[in-house]
Amino acid sequence: MNSESTMKIRKQVPPRKKACQRCTDSKVRCGLEKPTCSRCRARGKQCRYPAGSGDVHQSSPVVSSEQISADESLSFGSSLANFSTTSTVAAFSSPVSGHPSDIPRIYSQNESTSTQTVDTDLTFDHIDLVPMIDAEKIRDRWLQPYLLTATEQVPKLFNPFTVQFVTCVLRSYPNHLLDEKSLPPFIHPLQLNSKAMPRTIANCFSLVRMWMNRVAGSEAIVLLTVRQEMERLSREDATSDFDTLCSFQVYLIYLLTAYFFPIENASLVDDMSMITLQDLAFRVAKTGLTCKAELSQTRPTWESWIIASAKRRTLFTMYIFSNVYNSDKGLPNFLSAELGGILVPESKALWEASDRDSWTREYNRHLSKWEDGMLQISELWRSSETGSEPRRKRIERWVQSADEFGMMLFAVCAHIHGC
């Protein structure tokens, strides 16, 4: 056998040393694909092969959203109705490019990048919440600027700088969907790490990327596709709390995207779309914004808490956005009295807990910290107790552990009501 034949045989049977560094470190079999092996591609990770392993790829990142071509993006329109609702997050093929890495793999900040945030026992089939009695006030909120007079309720005063601050924050939320490791702060990471990627959220990832990465001349198809998806969400009768929440979150993201990154001579954000958004908020609130266990100062199930907390965060975001919308149109904003009893966003540690045990331990600490009752949003509004020592101590206790979203909400309330 000559030397040329020997070399061919060696190429056909690569030695184990050719495995990429991540697969080697994890002690799993590597697919050996170049430049990115299938395991790294499925996890959205950089794939590095050791020096001397044949074709050397010291840094082979997966394709990012910025590298997706316009032609790939526009192919989404024809496949909108064919998205699978049974693909797992790790194996989900994006309708934009067909690569699993196009849907971000979400990790908590205190988790190593080699460990996935997955709870295989997580299920959202049985959520135990307390129905909201006056949820209709959320649905009918759009009428307030037109029906209420100054004698009935004093409008909230929005400093122009407050509106600018809120606008900067809200504008950042659609951009999270272009990142491979983040989400808007009102979508809980484990909503994506459940047994199946919700079709509604999968569509949203692709459509926001198509909107943000559009090329000149594609505006019409982008607008049409997003408008059709918004209409589908408004008509769809969700069968579970989880699906209703996802529809509300995604519709809000579409409006934020269209409002802050508009396509010229066309707008998807108008009074009718805002009415639809508030109707979706009503459907979410009607089934409950608070766990039964939260009312009795006991620990709820992790699944119930995730849904309740995500609902509250999304609702707060919607109200802030509607305030910006009204301010831009010259309409007054009034106190959101219907939300007065809603709990403020919980601590950063609770929201980012990546497994059931760590969340349980953190929630037990949370209960012991708030034996006098959990903080409600109305405690951040002006009242006879504003500035009192007991009120300040409760607010300071919450601020100590609040995440970025909670601090943004506190800043807005402080600007409007004082603290």
Side-chain angles (χ1 to χ4, degrees), residues 119 121-135 137-138 185-191 194 240-246 248-249 281-319 336-381 385 390-391 393-403 405-407 409-410 413:
D119 186 327
D121 296 326
L122 203 68
T123 175
F124 297 107
D125 296 335
H126 304 289
I127 305 301
D128 194 16
L129 306 182
V130 180
M132 185 176 180
I133 298 175
D134 53 353
K137 292 182 179 179
I138 295 176
F186 52 86
I187 298 180
H188 195 279
L190 292 178
Q191 287 182 239
S194 58
S240 70
D241 245 4
F242 180 79
D243 292 335
T244 303
L245 171 61
C246 291
F248 177 38
Q249 291 170 324
F282 157 71
R283 298 182 210 175
V284 163
K286 182 172 62 173
T287 56
L289 298 170
T290 308
C291 303
K292 289 182 180 179
E294 288 178 308
L295 293 181
S296 60
Q297 291 288 100
T298 57
R299 190 180 69 244
T301 65
W302 193 23
E303 291 87 344
S304 295
W305 181 86
I306 286 173
I307 296 301
S309 187
K311 280 185 174 188
R312 295 190 288 255
R313 286 171 175 251
T314 310
L315 194 63
F316 289 142
T317 305
M318 185 206 78
Y319 268 67
S336 311
E338 62 275 15
L339 300 185
I342 305 302
L343 303 181
V344 296
E346 291 85 348
S347 70
K348 182 183 182 75
L350 270 177
W351 181 256
E352 294 185 351
S354 58
D355 62 81
R356 195 178 299 273
D357 288 342
S358 62
W359 178 84
T360 299
R361 289 191 299 271
E362 190 60 40
Y363 201 89
N364 289 339
R365 285 192 285 268
H366 176 72
L367 286 174
S368 64
K369 189 176 181 179
W370 293 97
E371 290 180 345
D372 55 342
M374 298 179 190
L375 193 72
Q376 299 178 350
I377 188 66
S378 59
E379 295 183 68
L380 303 181
W381 302 342
E385 296 184 19
R391 176 65 58 83
K393 285 184 176 180
R394 283 176 58 80
I395 293 176
E396 288 170 2
R397 191 193 318 166
W398 170 64
V399 167
Q400 286 174 3
S401 58
D403 65 358
F405 181 81
M407 290 303 296
L409 187 63
F410 174 56
C413 290

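The shown structure was predicted, so the numbers you read here are calculated from the model rather than taken from an experiment.
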Inset, instruction - Could you check if a side-chain atom of Glu346 sits within less than 4.5 angstrom of a side-chain atom of Trp370, using non-hydrogen atoms only? - result: no
Inset, instruction - Mind checking the CZ-CG spacing from Arg391 to Leu380? Nearest 0.5 Å is all I need. - result: 8.0 Å
Legend entry - Straight-line distance of Ile307 CD1 to Asp128 CG, nearest 0.5 Å: 13.0 Å
Inset, instruction - For the pair Lys369 and Ser401, evaluate side-chain contact (heavy atoms from CB on, under 4.5 Å) and give the outcome as yes or no after the intermediate values. - result: CA-CA 11 Å; Lys369 189 176 181 179; Ser401 58; 3.5 Å; yes
Legend entry - Thr290 vs Leu295 side-chain heavy atoms within contact, under 4.5 Å: yes
Inset, instruction - Answer whether the closest heavy-atom distance between the side chains of Met132 and Ile138 falls below 4.5 Å. - result: yes
Inset, instruction - State, yes or no, whether a side-chain contact exists between His126 and Thr301 at a heavy-atom distance under 4.5 Å. - result: no
Legend entry - Value rounded to 0.5 Å, distance of CD in Glu338 from OH in Tyr319: 3.5 Å
Inset, instruction - With side-chain contact (heavy atoms from CB on, under 4.5 Å) as the test, would you mind laying out the steps for Val344 and Phe410 before giving the verdict? - result: CA-CA 9 Å; Val344 296; Phe410 174 56; over 6 Å; no
Legend entry - Nearest-0.5 Å distance, NZ of residue Lys292 to CD1 of residue Ile127: 12.0 Å
Inset, instruction - Walk me through it: do Ile187 and Arg313 pass the test side-chain contact (heavy atoms from CB on, under 4.5 Å)? - result: CA-CA 8 Å; Ile187 298 180; Arg313 286 171 175 251; over 6 Å; no
Legend entry - Pairing residues for Arg283 by the side-chain hydrogen bond (donor to acceptor under 3.5 Å, both in side chains) criterion, not counting sequence neighbours: Asp279
Inset, instruction - May I ask you to test the Trp398-Glu379 pair for a side-chain heavy-atom distance under 4.5 Å? - result: no
Inset, instruction - Could you tell me the separation between the CZ atom of Phe248 and the OG1 atom of Thr314, rounded to the nearest 0.5 Å? - result: 6.0 Å
Inset, instruction - May I ask you to say whether Glu294 pairs ionically with Arg312, meaning some side-chain N is under 4.0 Å from a carboxylate O? - result: yes
Legend entry - Pairwise side-chain contact, Val284 with Leu289, heavy-atom cut-off 4.5 Å (strictly under): yes
Legend entry - Phe124 and Phe242 aromatic ring geometry - parallel, tilted or perpendicular at 30°/60° bounds: parallel
Inset, instruction - Any chance you could measure Leu129, atom CG, to Lys311, atom NZ, to the nearest 0.5 Å? - result: 5.0 Å
Legend entry - Donor-acceptor pair between Lys286 and Thr244 side chains, under 3.5 angstrom: no
Legend entry - Pair Lys393 + Asp372: basic N to acidic O under 4.0 Å: no
Legend entry - SB check Glu362 Arg299 (cutoff 4.0 Å): no
Legend entry - Residues Ile306, Trp359; criterion side-chain contact (heavy atoms from CB on, under 4.5 Å); working and verdict: CA-CA 11 Å; Ile306 286 173; Trp359 178 84; over 6 Å; no
Inset, instruction - Decide yes or no for Trp351 and Pro185: does some side-chain heavy atom of the first lie under 4.5 Å from some side-chain heavy atom of the second? - result: no
